[in-house]
K.L.:
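Got a structure for you, questions after.
Nothing here was measured: the structure is a model prediction, and the numbers come from that model. Counting starts at 1 for both ligands and their atoms, following the listed order. Hydrogens, waters and symmetry mates are skipped; everything else that's a heavy atom, side chains included, is used.
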Amino acid sequence: MSDPFDKLVDDARAVFDASASKPLRDAWGGLDLPQVRQDLIARFADAGIVDAEIDARYLLAHVLSPASYADAVADPALCSWQRISLLADLAWERLKRKPMAQVLGSQPFWTLDLLVSEDTLTPRADTETLVESVLKTCGQEAAQLVDLGTGSGAILLALLSERPDWRGLGIDLSPAALEVARHNALRCGLDDRAHFIEGRWGTGLADQSVDILVSNPPYITSEVLAGLEPEVRVHEPKLALDGGTDGLDAYREICADILRLLRPGGWLAFEIGYDQAKAVSDLLEVTGLVAITTVKDLAGHDRVVMAQTPVK
Ligand code: GLN
């Protein structure tokens, strides 16, 4: 009679064997770990993945954790068939050009580690410029913060994590993104101060209800978006990226409502595309905002525009 434990292991193997990544596991059957790594890098490079070696390193670190790659090379017992099967499953997804953050399920942003999915824009390091600018400009006192098009909740949660007296509301058109944002609030221990509602920009909010308004709206022109890498073009939500013919559709729509939403003396911070500082500043000026400034990201590109509503 077969041992019940052996049967469990056989069943687990059968589940892995039924998954789509079987060709990878078959190819890696007789290989040692350095050979698997080389094969993985070659396959990633063939698939057109720019950072083939770096992505392979991250995936190996992920599946081997808590052991390091070097530990596992020295001691093959640290590299079980489950770990190689998991590597095959994750690599299979990456070969379809899924972004690394979606393959791994989370992405570091500011001091947080945030869940992401195909319904949320992957938080970018550039967006930390917006977080930093708001923290520098807006002071510490209690404030009501609103994030329009919150996606994973990245900006809202990073700001709340630094300002214990602020309360935040994230708004998004996508219920699936809001679900991710709510999980992130729980994961960061900020669910008592971070709330998320479905809506189109600030349309559902009461007059003068906001002290600080932040947004990283879709700002890529439809034409540019069509030419981007599949990681962005195919796997990230168009809703979060496509800013229309000139990339400015979302800014126009939000600007039409800013003076109604923000209290006098309130702050606005927009993330912008590297070539949009003038266009967005002009929109804000026409809207009636003052103290309009542009902030550069670490690469030296214009990345954030901040402005204030006049104090009457
Ligand atoms: N910075 C993002 C990118 O280049 C775009 C973000 C946005 O449209 N808000 O992919």
K.L.:
Heavy-atom count around H183 NE2 within 6.0 Å, excluding the residue itself: above 12?
P.N.:
no

K.L.:
Tell me, yes or no, whether the heavy-atom count around E53 atom CD, taken from other residues, nucleotides or ligands under 6.0 Å, exceeds 12.
P.N.:
no

K.L.:
Look only at the side chain of D51 and the backbone of D55, and say whether a donor-acceptor pair between them is shorter than 3.5 Å.
P.N.:
no

K.L.:
With a 4.0 angstrom cut-off on heavy atoms, strictly below it, pick out the residues next to ligand 1 and order them by chain and number.
P.N.:
L121, R124, N216, P217, P218, Y219, I220, A240, L241, E271

K.L.:
Going by side-chain heavy atoms closer than 4.5 Å, which hydrophobic residues are tied to F196, directly or by a chain of links?
P.N.:
F109, W110, L112, L114, L130, V131, V134, L135, L145, I155, L156, L157, L159, L160, W166, L178, L190, I212, V214, W267, V295, V304, M306

K.L.:
Taking the side chain as every heavy atom from C-beta outward, state whether L241 and L228 have any atom pair closer than 4.5 Å.
P.N.:
no

K.L.:
Quick one: CD1 on I41 to CZ on R57, what's the gap to the nearest 0.5 Å?
P.N.:
8.5 Å

